[in-house]
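Shown next, in structure tokens, is the structure this report addresses.
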2 protein chains.
Amino acid sequence: MSNIKNLKEFAQLAGVSTATISRALSGTGRVSEETRERVAALAERLGYQPNATARNLRTQRTMTIGVLVPLGHEAAQHLSDPFFNTMTGFLADALSDHGYDLLLSRVLPKGDRWLDRYIGSGKVDGIIVIGQSTEFAVIETVSRRYLPMVVWGGQVSGQNHCSVGSDNRKGGALAIRHLIERGCRRIAFAGPTQGPEFGERLQGVKQVLRETGLSETLIELPSHFEPGAAFEDIRAQLEGIAAMPDGIVAGSDVTAIGVLRALQALDIDVPGQVKVIGYDGLPVGAQVSPPLTTIDQQLRHGAGMIVDLLLRRLAGETTESRMIEPILIVRAST
Amino acid sequence: MSNIKNLKEFAQLAGVSTATISRALSGTGRVSEETRERVAALAERLGYQPNATARNLRTQRTMTIGVLVPLGHEAAQHLSDPFFNTMTGFLADALSDHGYDLLLSRVLPKGDRWLDRYIGSGKVDGIIVIGQSTEFAVIETVSRRYLPMVVWGGQVSGQNHCSVGSDNRKGGALAIRHLIERGCRRIAFAGPTQGPEFGERLQGVKQVLRETGLSETLIELPSHFEPGAAFEDIRAQLEGIAAMPDGIVAGSDVTAIGVLRALQALDIDVPGQVKVIGYDGLPVGAQVSPPLTTIDQQLRHGAGMIVDLLLRRLAGETTESRMIEPILIVRAST
DNA sequence: TTGAAAGCGTTACCAC
DNA sequence: GTGGTAACGCTTTCAA
């Protein structure tokens with residue numbers, strides 16, 4: 001920490017003008033090699049650092065990206081959700097690789113102005129939204145006039161905003177094909193029914209079932225988003241079921257973990273009696289027992305892509321949405 | 001989003017001075033009720049919002065708190081670590097309750113200046129460090145001259161910096177007593193051996209074993225921090241063990257999950273043959289099978305406390321470190 | 001290569 | 001109760 005409080009003071013000590021110091025420290029503009037070295041050494045010795053706020057005001061950029069996690073109806077739902085937390089971590093890494101800071105905000109979307117309010121404050125240069133959930137319309141509207149925004153989530157035709165997410169339909173198809181290959185014939189789909197992403201995954205499953213002539217057998221097991229509630233939902237439904245499925249596609253890894261617990265509670269062996277496959281590729285999936293077979297969305301890669309696209313939009317480019325290739329990861333639950 | 005770009009423009013449209021607008025909008029200073037309403041309505045209609053950077057510069061505060069996650073030797077260790085992610089989430093909530101934003105930074109501590117650099121930039125009003133890990137000395141030094149900093153972690157006697165964390169020794173004692181009550185007699189302690197927190201937990205365990213006359217039986221199972229590596233470490237050690245323990249205290253929930261997997265891999269029944277207890281109280285502990293008995297550090301409560309202390313330091317108070325009461329949560333793994 | 005000075009968009013002091 | 005205006009600490013023209 002420095003005892004010098006601003007550039008002016010530092011310039012006096014260095015015996016040059018503030019302009020020269022600024023140039024020397026930022027590396028921009030012409031300064032003699034000698035001065036630059038002298039200034040740099042002095043700054044290091046005194047621990048001087050230019051004030052970021054003042055610089056931001058002058059340069060009209062903050063070098064900060066806002067990451068927004070819209071909390072859905074279930075207000076408490078995301079607090080400890082492994083998906084959002086994991087994604088945030090990856091984004092933090094990707095952003096800091098490019099010299100950007102990450103301003104984290106969890107917002108309860110209220111009305112249709114929450115995004116505008118956030119943007120208007122000028123605290124950030126750009127925005128990343130994790131998950132469209134119920135806010136698809138708001139995001140879509142804002143995207144028409146605010147460019148530096150990239151969203152993690154699904155992609156629908158005609159969509160204006162730039163999103164990154166896995167090919168959910170393909171991923172769903174991948175999951176169900178794997179179960180069929182493993183010999184499953186009575187298939188269930190477990191998970192939330194809301195949100196564009198889950199819907200697409202289910203569509204992928206249905207399509208393959210139709211092609212295979214198994215569509216009659218599909219059992220739907222709707223559940224809440226939140227882990228604890230999901231477990232209860234699934235257990236209640238499986239408990240009273242006429243014929244137990246022999247394979248379950250879960251809409252997310254979190255749901256899949258709930259499914260595993262529910263089956264465990266009912267004393268049903270996985271993968272012996274029922275096989276289970278998740279969706280996301282969260283690290284935690286490898287840590288449960290049995291380790292979870294899943295469709296990997298390559299979140300780290302996705303985070304890198306989001307940041308890359310955002311930086312390009314910041315630079316004035318227009319960018320298209322991107323699909324990430326879903327990858328089957330086979331572990332012990334199938 | 002607004003088409004108005006600054007206060008001056010807005011003031012012209014409103015037909016009053018910038019000073020009046022500022023007062024009307026911020027609620028500070030005397031303004032007639034009539035003007036305030038008129039200005040507020042116009043601001044709402046035009047979507048005008050004062051620029052945060054300019055305000056920050058003028059007021060000399062950013063209303064932003066930096067949350068630092070120092071990455072230890074194992075650079076990749078925290079990327080997806082549920083503990084850090086969960087803590088960050090709780091902090092985000094607590095901070096936003098008080099109108100503060102959260103600037104998230106993962107830092108690779110390099111040398112002893114990383115904290116100074118962060119502080120010197122003036123991007124934040126205060127700092128929260130999650131975990132002291134190997135940086136205890138640096139934190140301690142900085143705390144002597146930089147006051148608005150609160151650390152999640154252990155507390156040692158004579159420590160200068162303000163920390164919040166559970167009473168690790170007591171928590172360790174709580175864990176081992178529970179295992180003994182459940183009939184365990186050959187006890188093992190699994191987990192990382194580095195860091196002040198794990199050490200204290202182990203001491204708590206040892207002390208109770210001494211008091212009970214069981215101290216001869218303690219088996220130590222050191223492991224890495226990172227989940228995957230921890231699993232391997234534990235499995236390797238249990239595989240070749242002369243006499244299997246009948247109770248295992250894990251240094252953290254993440255370690256405990258690794259222990260559960262290792263036992264599963266060796267076909268050992270939990271809690272039938274071996275009982276396992278974790279430490280942290282992470283939500284994910286309730287989702288594994290069998291659901292994990294653990295010592296709850298009340299992270300949400302802890303996060304609230306950290307923020308509370310930080311705000312008081314920001315206001316000039318001096319604050320003492322706080323211990324959180326560890327609570328035993330019994331689930332199915334014991 | 002360097003320095004003087006004009007902003008960046010607010011807030012807060014001081015008059016009126 | 002309201003308006004003028006000087007900061008806040010920096011970057012970046014423009015001149016020298």
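Values in this document were obtained by computation on a predicted structure and should not be read as measured data.
For the pair Gln60(B) CD and dA12(C) P, the computed distance is 11 Å after rounding to whole Å. Here the P atom of nucleotide dC8(D) and the CG atom of Asn51(B) are 19 Å apart, to the nearest Å. Atom CG of Leu7(A) and atom C1' of dG3(C) are 13 Å apart (whole Å). Separating the CZ atom of Arg38(A) from the C1' atom of dT1(C) is a distance of 13 Å, rounded to the nearest angstrom. In this structure, CD1 of Ile21(A) is placed 11 Å from P of dT11(D), rounded to the nearest angstrom. Look at CG on Asn56(A): it is 16 Å from C1' on dG7(C), rounded to the nearest Å. Between the CZ atom of Arg61(B) and the P atom of dG9(C) there is a distance of 23 Å, rounded to whole Å. Rounded to an integer number of Å, the gap from CD of Glu33(A) to C1' of dT2(C) is 16 Å.
Closest approach to the Arg58(A) side chain among dG9(C), dC10(D), dG3(D) is made by dC10(D) (side chain taken as heavy atoms from C-beta onward). With dT11(C), dA12(C), dG9(C) as the candidates, the nucleotide lying closest to the side chain of Arg55(B) is dT11(C). Listed nucleotides: dT11(C), dC8(D), dT1(C). Nearest to the side chain of Arg30(A): dT1(C). Nearest nucleotide to the side chain of Val16(A), out of dT10(C), dC10(D), dG3(C): dG3(C). For Ala19(A), the side-chain atoms get nearest to dG3(C) when compared with the rest of dG9(C), dG3(C), dT2(D). Closest to the side chain of Ala54(B), out of dT1(C), dT10(C), dG3(D), is dT10(C). Picking from dA4(C), dT12(D), dT11(C) the nucleotide with the shortest atom distance to the side chain of Ser17(A) gives dA4(C).
Listed pair Tyr48(B) / dT10(C) meets the phosphate criterion, a side-chain N or O lying under 4.0 Å from OP1 or OP2. In this model, the phosphate group of dT11(C) is approached by a side-chain N or O of Ser22(B) to a distance below 4.0 Å at OP1 or OP2. Here Thr59(A) does not reach the OP1 or OP2 of dT12(D): none of its side-chain N or O atoms lies under 4.0 Å away. Side-chain nitrogen and oxygen atoms of Thr18(A) include none within less than 4.0 Å of the OP1 or OP2 phosphate oxygen of dT11(D). For Asn6(A) and dG9(D), the shortest distance from a side-chain N or O to OP1 or OP2 is below 4.0 Å.
When heavy atoms are screened at a 4.0 angstrom cut-off, Thr35(A) is found touching the sugar-phosphate backbone but no base atom.
Inter-residue side-chain proximity for Tyr48(A) and Leu42(A) is flagged as unmet; no heavy-atom pair is nearer than 4.5 Å.
With Arg312(A) as the partner, the side chain to side chain contact (heavy atoms under 4.5 Å, CB included) test is satisfied by one option alone out of Leu310(A), Leu314(A), Asp308(A): Asp308(A).
Heavy-atom nearest nucleotides on DNA chain D were determined for Arg36(B) and for Leu57(A), and the one closer to the 5' end corresponds to Arg36(B).
Shown here for Thr62(A) and Gly122(A), the closest heavy-atom pair between the two residues is CG2-O, 3.7 Å. Among all heavy-atom pairs drawn from Pro70(A) and Ile130(A), the shortest one is CD-O, 3.4 Å. Across all their heavy atoms, Asn160(A) and Glu140(A) have their closest contact at N-OE2, 2.5 Å. Across Arg313(B) and Cys162(B), no two heavy atoms sit closer than the pair NH1-CB, 3.4 Å.
You'll find a donor-acceptor pair under 3.5 Å spanning the side chain of Arg23(B) and the base of dG3(D), going by distance alone.
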